[in-house]
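Notes to accompany the following structure.
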Amino acid sequence: MSRSPVIYPPFSSSPLGAAFAPPPREDLAPPRVTSKVSASHSTQIDPISHSIRPPRKMRVPADFFIRPAGTTSVSLGRGSGASVARDYASYDIHPPQSSHTRRGTSPDTSIPDLREALSTLESKMASLMSERERLERSLEQAVRLQAPIQRLPSELLASIFTIGVLGAEEEDTLMLSSIVLVCRYWADVAINTPTLWSRVVVSNHVSLDKARRRLSRSKSVPLHVDINFSPQMDGRGGTTETIIHAMDILYPSIWRWKSFHLSVPTRPQAHAALSRCREKAPMLQVLEIRVFNSMQDDHYSPAPLPLFDGHFPRLQVCSFNSFNFGWDLSMIRGLRVLELGGYWNRLAPPVNVILDILRASPQLEELSLRNMSDVDPETCAMYEHEPHLDKRFPSHMIQLPRLTKMTLHYAGIQRTRTILSQLAFPALEKVALCYMDNVTSLLDHLKRQSLTSLPLQHLRIEASFFGELELVKLLTRTSSLTTLELVDVEDASSGLIKSLSAPKTTTTWICPKLETLNLDGCTTLDWDSLRTFVESRLPAHVRAYPRQAIPPMLTLPTPTSYSALTTTF
């Protein structure tokens, strides 16, 4: 049987030969040029000599016909005749791709797919970052909740807010704004606490929108209403319209007003606001009406009465400045604090009106009379013959057992002297006599009251004349006096200071409890008397032992001639 000829392919054209062949050095040798000699055979041409070389004979391994599929033989050297069969998989050998295949793009490595993969990755990263931020916020909130302030009940926190905002005499609006901006929980507690919004203010600097907001948040709690427009801002105009609009907003809530303060430049503006106060005010306790231009005298002097339909049973504090209410006793009855001021000429109250007001308020605790024109001496003649009795009420004087503070500031010496002659004030603790001309008669009435009971602790005399002997007699009777103020008085001499420096006897001191002595503006005092007074009031052995009592605090005058001595002292 004849055998067919076997044709051996060149080794370099097989996949295995291409895998084990060394890489071509294209940078060192120029590309080979192939010349087609015939249609079936190709002859290589030497690039240097340009001569035709015959094809190179390849050695066939001995195990070529018997090796298993997937293995190849590797020659160990020329002439050795040994070869090693290796598995394709162990070398991860892949046949090289043609240039046409490398230039092509597969679907899984295309540019749109890569961009889509990057976009997907970025989305996942963004979601992970959002999740991390959420976890950080949850962790921060969990840590914050462990703080003691966060564990307080909302009721207790609301009470703390109320004390901090409304504890002072004037509301601190900045504190309330700061509380609302701390966190959402505090803001919810503050907004849902009606007491924090109970003060409704309308002024040159507070708009009506804030008043509406406070009015809605206060719900049904008692309100403190304050309408305050200064005369300096009245020149811009529009003040009267703003006051009327404010009263229209506040009008429906009159039934829960607890205090009402009205301060306006002129009487027409005050009457425009009060003309809308026609509803009953069952909760009103404080009523303050102030007109800045007190010297104005026009046809608006009568007030729109009666205010609040004459129904304010809880009224206790009443302060009127230049407001002419016709001296209606129904408005100022049963008071605890009474302040009257700014009444001039024909609008000034006569003595009998003041006495009637005081008689209608037997529980009065504070009395203040300021800036009033004095009355004629003839109107006081009926009280001079019987200084302790009012002829219309001959059986008794006006008893004010709870009166503790009295302020008489340019109230007319004739009026005040007559009023004090008809009063009994056994609990008086603080007296201020300012700009009252000669107060010697007033000191005499105070001394008369001290014969029974006068726990006076604070006495102030400012810009007034007085008899030094009468003052010393009064100070001798007031052993409870702790503060004595003599401001801008010319009758305070060195004899008065010396009488306070040493006891008249071996055991009796004048004002033994005196702690503060104010001599501001008194320029007639000599240095020796002041030094003697200070040294006599110091406790014994002041340097060796602790002080047994608080020495009096002395405020010295500052005249030019004594400046050097004052500095030395």
Side-chain angles (χ1 to χ4, degrees), residues 366-369 387-388 397-398 400-401 403-505 507-522 524-525 529-530 533 536-537 552-555:
E366 296 183 14
L367 174 63
S368 177
L369 302 178
H388 302 288
M397 297 177 63
I398 302 176
L400 300 177
L403 185 64
T404 59
K405 182 179 179 180
M406 181 186 299
T407 301
L408 303 175
H409 190 285
Y410 197 78
I413 188 62
Q414 299 290 340
R415 178 187 291 104
T416 55
R417 181 176 57 189
T418 306
I419 291 174
L420 288 182
S421 66
Q422 303 297 317
L423 297 182
F425 34 85
L428 190 62
E429 297 179 355
K430 186 175 182 179
V431 177
L433 306 175
C434 306
Y435 300 93
M436 292 295 296
D437 296 336
N438 195 336
V439 298
T440 303
S441 58
L442 305 183
L443 297 177
D444 184 66
H445 288 298
L446 293 176
K447 182 172 67 72
R448 173 181 58 82
Q449 179 62 47
S450 66
L451 298 176
T452 55
S453 175
L454 185 64
L456 190 62
Q457 298 180 7
H458 190 132
L459 177 60
R460 177 184 178 90
I461 302 176
E462 180 179 357
S464 302
F465 298 100
F466 61 89
E468 187 173 326
L469 180 59
E470 292 295 329
L471 179 60
V472 172
K473 292 180 180 180
L474 174 63
L475 297 179
T476 305
R477 302 290 305 180
T478 55
S479 59
S480 59
L481 191 69
T482 59
T483 302
L484 176 60
E485 298 185 57
L486 303 177
V487 181
D488 292 334
V489 294
E490 300 178 358
D491 295 332
S493 63
S494 301
L496 175 62
I497 303 302
K498 291 180 181 179
S499 64
L500 299 174
S501 303
K504 300 177 65 174
T505 62
T507 58
T508 304
W509 280 79
I510 298 178
C511 303
K513 298 181 180 180
L514 187 64
E515 298 177 358
T516 303
L517 177 61
N518 184 7
L519 300 175
D520 190 9
C522 301
T524 58
L525 304 176
S529 61
L530 295 175
F533 169 76
S536 63
R537 291 283 173 165
M553 183 176 62
L554 179 62
T555 303

Response to the item:
Output for pair (Leu400 CG, Leu428 CG), nearest 0.5 Å, gives 10.0 Å

Worksheet entry | Heavy-atom pair with the smallest gap, counting every atom of Ser441 and Arg417 | OG-CD, 3.3 Å

Worksheet item: Distance from Ser501 atom OG to Arg537 atom CZ, nearest 0.5 Å?
Response: 7.5 Å

Discussion item. For residues 403-436, which residue pairs pass the ring-ring contact (aromatic ring centres under 6.0 Å, His included) check, not counting sequence neighbours?
Written reply: His409-Tyr435

Worksheet item: More than 12 heavy atoms of other residues, nucleotides or ligands under 6.0 Å from NZ of Lys498: is that the case?
Response: no

Fill in: Exam field: side chain Thr524 to backbone Ser493, donor-acceptor pair closer than 3.5 Å
no

Discussion item. Please evaluate residues Ile413 and Leu442 with respect to the criterion side chain to side chain contact (heavy atoms under 4.5 Å, CB included), reporting the C-alpha separation (whole Å), side-chain torsions for both, the decisive distance (0.1 Å), and the verdict.
Written reply: CA-CA 9 Å; Ile413 188 62; Leu442 305 183; 4.0 Å; yes

Worksheet item: Between atom CG of Leu423 and atom CG of Leu367, what is the distance when rounded to the nearest 0.5 Å?
Response: 8.0 Å

Worksheet item: Can you check side chain to side chain contact (heavy atoms under 4.5 Å, CB included) on Thr478 and Leu446, steps first, answer last?
Response: CA-CA 10 Å; Thr478 55; Leu446 293 176; over 6 Å; no

Discussion item. Testing the basics here: between Pro455 and Pro426, what is the closest heavy-atom pair and its distance to 0.1 Å?
Written reply: CD-O, 3.1 Å

Fill in: Interatomic distance, Leu456 atom CG to Leu475 atom CG [nearest 0.5 angstrom]
9.0 Å

Item to complete: Enter the distance from Leu517:CG to Phe533:CZ here, rounded to the nearest 0.5 Å.
Response: 4.5 Å

Fill in: Heavy-atom pair of closest approach, residues Gln449 and Leu454
CG-CD1, 4.0 Å

Worksheet, complete the sentence: Residue set satisfying side chain to side chain contact (heavy atoms under 4.5 Å, CB included) with Thr483, at least two apart, ordered chain then number -> His458, Glu485, Thr516

Worksheet item: Between Ser464 and Val489, is there a donor-acceptor pair closer than 3.5 Å when you use the side chain of the first and the backbone of the second?
Response: no

Item to complete: Kindly give the heavy-atom pair with the smallest separation between Arg477 and Ser450, and that separation in Å.
Response: CB-OG, 3.4 Å

Practice prompt. Could you please spell out the steps behind the side chain to side chain contact (heavy atoms under 4.5 Å, CB included) verdict for Thr416 and Val439?
Written response: CA-CA 10 Å; Thr416 55; Val439 298; over 6 Å; no

Discussion item. So, using salt bridge (Lys or Arg N to Asp or Glu O under 4.0 Å) as the criterion, who are the partners of Glu462 when residues are at least two apart?
Written reply: Arg460

Worksheet item: Once you round to the nearest 0.5 Å, how far does CG of Leu496 lie from CG of Leu519?
Response: 8.0 Å

Practice prompt. Taking all heavy atoms of Leu443 and all of Phe466, pick out the closest pair and write down the distance.
Written response: CD1-CB, 4.0 Å

Fill in: Shortest non-hydrogen contact between Leu369 and Ala411, atoms and distance
O-CB, 3.6 Å

